[in-house]
4 protein chains.
Amino acid sequence: MTIYSVKNMPRTPEQNKEIREKTRRSIMDNALKLFATKGFHGTSMADVAKEAGVSKGLAYNYFKSKDDIAHSIINEIMVVGDQIVMMMQKIDDPVEQLHTMINYTFGFLDENEQYWRLYISFVLQPEVANMSSEIMLKFAKNMFHALEDIFTRIGIKNVKEEARYIGALIDGITLHYYFDKENYPLKSVLKLLHSKYSREALEMLK
Amino acid sequence: MTIYSVKNMPRTPEQNKEIREKTRRSIMDNALKLFATKGFHGTSMADVAKEAGVSKGLAYNYFKSKDDIAHSIINEIMVVGDQIVMMMQKIDDPVEQLHTMINYTFGFLDENEQYWRLYISFVLQPEVANMSSEIMLKFAKNMFHALEDIFTRIGIKNVKEEARYIGALIDGITLHYYFDKENYPLKSVLKLLHSKYSREALEMLK
Amino acid sequence: MTIYSVKNMPRTPEQNKEIREKTRRSIMDNALKLFATKGFHGTSMADVAKEAGVSKGLAYNYFKSKDDIAHSIINEIMVVGDQIVMMMQKIDDPVEQLHTMINYTFGFLDENEQYWRLYISFVLQPEVANMSSEIMLKFAKNMFHALEDIFTRIGIKNVKEEARYIGALIDGITLHYYFDKENYPLKSVLKLLHSKYSREALEMLK
Amino acid sequence: MTIYSVKNMPRTPEQNKEIREKTRRSIMDNALKLFATKGFHGTSMADVAKEAGVSKGLAYNYFKSKDDIAHSIINEIMVVGDQIVMMMQKIDDPVEQLHTMINYTFGFLDENEQYWRLYISFVLQPEVANMSSEIMLKFAKNMFHALEDIFTRIGIKNVKEEARYIGALIDGITLHYYFDKENYPLKSVLKLLHSKYSREALEMLK
DNA sequence: GATGAATGAGTTTTCATTCAT
DNA sequence: TATGAATGAAAACTCATTCAT
């Protein structure tokens, strides 16, 4: 009796659930990768299915449309992002919090590349994929609030502007890094960044 | 009264050239607008032609493919961008040069919005429209070199990093502004930006 | 009762293969018919799809372009043609072989009409359908070699020229027959042909 | 006063006629060349106009449609062909006539290539260009009659079949020659052809 | 007589989605 | 749950023909 005779045995509900989650994950991951590099409209469902190693029919079993995949991905980005923000907020010292935020952002640059590319693309071209940017806007606002909160607690002046300022800095560096990863002097730029937000430097902003 | 006022004479080459330039301009402008907001793949040639007020066929009389339109636009952005950089370099005082650059960038934010959106979306998704990012990379490098040159002449430390830093800042602010124009506190952020690069502040970086 | 009689099971690979072969066959057959009579460029994919009873989309599921259909057909003609030549070569007596070849050619004139029309039209207009005539040339060479072999074994003089001569004769008669099938005196012309290559007549060529 | 001031002088009717004939000739010649190699539907009016060095508009000044060009070309082929047949008939000796016909046909193979290719293409695919093959059929019949006449006068048996036979031979050789001009042993094949229709050989057919 | 910009209908090709199995 | 054959609508692109000049 070989392992293949198993396939005629009914699966347990747990097995089914596991399979479903794995497949769904694979579709989303591969769709993300493709959407991020080729664009949403530049990627076909056939591309996604092939990349995920499933049939086109099955992909529609998990998502009711191509839009639905995009929505699910963006949603997930938002949720994960919010979780990270919340996690950060558990740190007491605001300066440490700030640096942790920076470190986290740039420590997972390669892991988050596709998410970020897709997110920014949708931000820049809101008509693509009918993405109501509401949810993305709200997410961005959360980010800025978190930064404002940090700066308030540090006690500097121009809290709102400084929050926008460092936010821009982080996204700008990210953008430039992704544009030319091989040649970007990430390490030394980050060193400069940290030095500009060292405790002493922050004192000057009070 | 010229010879060409005679009935049944073909248009002069000059007349044709004028017509061609006007129509080409219109197609490119409208394509830019659409590509920038709906994305390259999200925009059809029918969309472009309609928006430009010409037939689909005529659009292909001017550009041999949709890709060709995108390439022509990007090319033009690069050329105009290079011209601006060169223009800036005529200013003697490097600090003034730096602030002129900032002012120029943010003074024409609304005029340049579509260009920037398209440029960044191609940067993020180079596979779209077969954009060989070579030319875009070269353009970006020029920008960084111009900034490094300014900082060198000002005489600060960490020239390369500071160039990357302020470059990121400018693009980051631009990105965030376009994301939520109504609510972005552009004026006060720019004030902060200028203050951080005032003559006195720059002294500290030497 | 097999496992696949269970509801909601995907088709077996065998079933799919069978479907694919049938549909592919139908597309090729109908494309051949249309290409042969209306010309390659005179036939649209819509024509082909309609004639084959499938949607345009499906036709592209089977062939990646209109050119691809033409290439596939020509390829098949070459393969079948080569097989026939090989089959002939199993006959021992060269004179019998020669007459079998003639009989075969003219015995299936009506069955092979479309093939021949298409083949010749590609021969005459090699730029159509990007037909690299290489493969067709090779096929023709095979034919001439087979004829030369026959004549060599019969032992006549001017083997090469005689091979070209009878080859031209066969294609010329075919061409004229297809030009005006109703009125062509095929039977009596073939009788003349056979008489000119009878054993006695061949003796004269030694 | 330069030659260019002449262009504002009204042309004489003779000049106009000459220009018209030249231009018309050029359009037809270039259309023939293109139709013959790329096929009628594979050739665009833009191709024709460009090749002939005139504007598209002007081409329509001379021919009312693309079909019209094709018809005009075919017509001309028929007329010229008939003239040649008539010319041949002025030769008294039928055997000499036969060989003159052969020599003429193969003596101008390269000059007549495009005509022949186009003619045969239309014969094989009568639906292309709405070519009613009536006129082409009539032309072919003329040819066969001329041959039959020759053979009758020579006094051989099976006049009709022999006419078809040699007609097929001539077209078959022509076809094979055009297929692979570089490698076709035209000279020795023609030598064989002449020898098979020498006065002595013809005696055997009586 | 001559030009080439412009059109619109048609052609090739793609692709999200459905459906039989 | 899973497949991939099949569809139809839309997209990219072509081209015969017209027309203002």
Side-chain angles (χ1 to χ4, degrees), chain A residues 7 10-11 15-16 19-20 23 41 43-49 54-67, chain B residues 4-13 15-17 19-20 22-23 41 43-49 53-67, chain C residues 4-13 15-17 19-20 22-23 41 43-49 53-67, chain D residues 7 10-11 15-16 19-20 23 41 43-49 54-67:
Chain A
K7 89 171 171 197
R11 293 198 198 84
Q15 282 177 315
N16 267 332
I19 289 175
R20 279 198 74 79
T23 307
H41 282 126
T43 304
S44 73
M45 281 298 277
D47 291 338
V48 173
V54 300
S55 67
K56 269 179 294 172
L58 192 58
Y60 277 90
N61 198 318
Y62 285 87
F63 298 91
K64 71 179 206 294
S65 68
K66 202 171 88 158
D67 270 42
Chain B
Y4 281 101
S5 60
V6 175
K7 237 185 86 190
N8 282 345
M9 274 297 156
R11 292 192 196 89
T12 62
Q15 283 176 312
N16 271 327
K17 202 183 162 206
I19 289 175
R20 282 196 77 78
K22 234 182 196 153
T23 307
H41 282 127
T43 304
S44 74
M45 281 298 276
D47 292 339
V48 173
V54 300
S55 66
K56 262 181 298 171
L58 190 59
Y60 279 95
N61 191 318
Y62 284 85
F63 298 91
K64 68 180 203 297
S65 67
K66 203 170 85 160
D67 268 41
Chain C
Y4 282 100
S5 59
V6 174
K7 236 184 91 195
N8 283 344
M9 275 295 157
R11 292 193 196 87
T12 61
Q15 283 175 313
N16 272 327
K17 202 182 161 205
I19 289 176
R20 283 196 76 80
K22 233 182 197 153
T23 307
H41 283 127
T43 304
S44 74
M45 281 298 276
D47 293 339
V48 173
V54 300
S55 65
K56 263 182 296 172
L58 191 59
Y60 278 94
N61 191 318
Y62 284 85
F63 298 90
K64 70 181 201 297
S65 66
K66 203 170 88 162
D67 267 43
Chain D
K7 87 172 171 194
R11 293 196 199 85
Q15 282 177 316
N16 268 334
I19 288 176
R20 279 199 74 79
T23 307
H41 283 125
T43 302
S44 72
M45 281 298 278
D47 292 339
V48 173
V54 299
S55 68
K56 269 179 293 171
L58 192 59
Y60 277 92
N61 198 317
Y62 286 86
F63 298 91
K64 72 179 205 295
S65 67
K66 201 170 89 159
D67 270 43

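Naming convention: chains lettered A, B, ... in sequence-line order (proteins, then strands); numbering from 1 in each chain. The basis for the numbers below is simple: all heavy atoms, side chains too, and nothing from hydrogens, waters or symmetry mates.
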K.L.:
Where the side chain of A:N61 meets the backbone of A:L58, is there a donor-acceptor pair that is under 3.5 Å apart?
P.N.:
no

K.L.:
Is the distance from OP1 or OP2 of E:dA2 to the nearest side-chain N or O of D:N61 less than 4.0 Å?
P.N.:
no

K.L.:
I need the minimum non-hydrogen distance between B:K56 and B:A46, along with the two atoms involved.
P.N.:
CG-CA, 4.0 Å

K.L.:
Please figure out whether B:A46 or C:G57 has its closest DNA chain F nucleotide nearer the 5' end.
P.N.:
C:G57

K.L.:
What integer distance in Å separates D:F63:CZ from E:dA2:C1'?
P.N.:
16 Å

K.L.:
Please confirm whether the shortest side-chain N or O distance from A:K56 to OP1 or OP2 of F:dG4 is below 4.0 Å.
P.N.:
no

K.L.:
Under 4.0 Å, heavy atoms only, any strand: does D:L58 hit a base, just the sugar-phosphate, or nothing?
P.N.:
base

K.L.:
Nearest to the side chain of D:K66 - F:dA16, E:dT12, E:dA5?
P.N.:
F:dA16

K.L.:
Can you tell which of E:dG4, E:dT17, F:dA6 lies closest to the side chain of A:S65?
P.N.:
E:dT17

K.L.:
What's D:Y62 touching, base or sugar-phosphate or nothing? Going by heavy atoms closer than 4.0 Å.
P.N.:
sugar-phosphate

K.L.:
Map B:K17 and A:K64 onto DNA chain E by nearest heavy atom, then report which one ends up closer to the 5' terminus.
P.N.:
B:K17

K.L.:
For E:dA20, give the paired nucleotide (Watson-Crick: N1-N3 plus N6-O4 or O6-N4; G-U: N1-O2 and O6-N3; both under 3.5 Å), or none.
P.N.:
F:dT3

K.L.:
Working to the nearest 0.5 angstrom, can you tell me the gap between D:Y60 OH and D:K66 NZ?
P.N.:
8.0 Å

K.L.:
Taking for each residue the nucleotide of DNA chain F bearing the nearest heavy atom, is the 5' side occupied by B:D67 or by C:T23?
P.N.:
C:T23

K.L.:
Which one, E:dC15, E:dT11, F:dA6, comes nearest to the side chain of A:S44?
P.N.:
E:dC15

K.L.:
Start at the 5' end of DNA chain E and walk down; is the nucleotide closest to B:V54 or to C:D47 reached first?
P.N.:
B:V54

K.L.:
Counting only Watson-Crick or G-U wobble pairs whose two distances fall under 3.5 Å, which nucleotide matches E:dT11?
P.N.:
F:dA12

K.L.:
What nucleotide among E:dA2, F:dT3, E:dT17 has an atom nearest to a side-chain atom of A:M45?
P.N.:
E:dT17

K.L.:
Working to the nearest 0.5 Å, report the span between CD1 of C:I19 and NZ of C:K17.
P.N.:
13.5 Å

K.L.:
Less than 4.0 angstrom between a side-chain N/O of A:Y60 and OP1 or OP2 of F:dA2, yes or no?
P.N.:
no

K.L.:
Can a side chain N or O of B:R20 be found less than 4.0 Å away from OP1 or OP2 on E:dG4?
P.N.:
no

K.L.:
Do any side-chain nitrogens or oxygens of B:T12 fall under 4.0 Å of OP1 or OP2 in F:dT21?
P.N.:
no

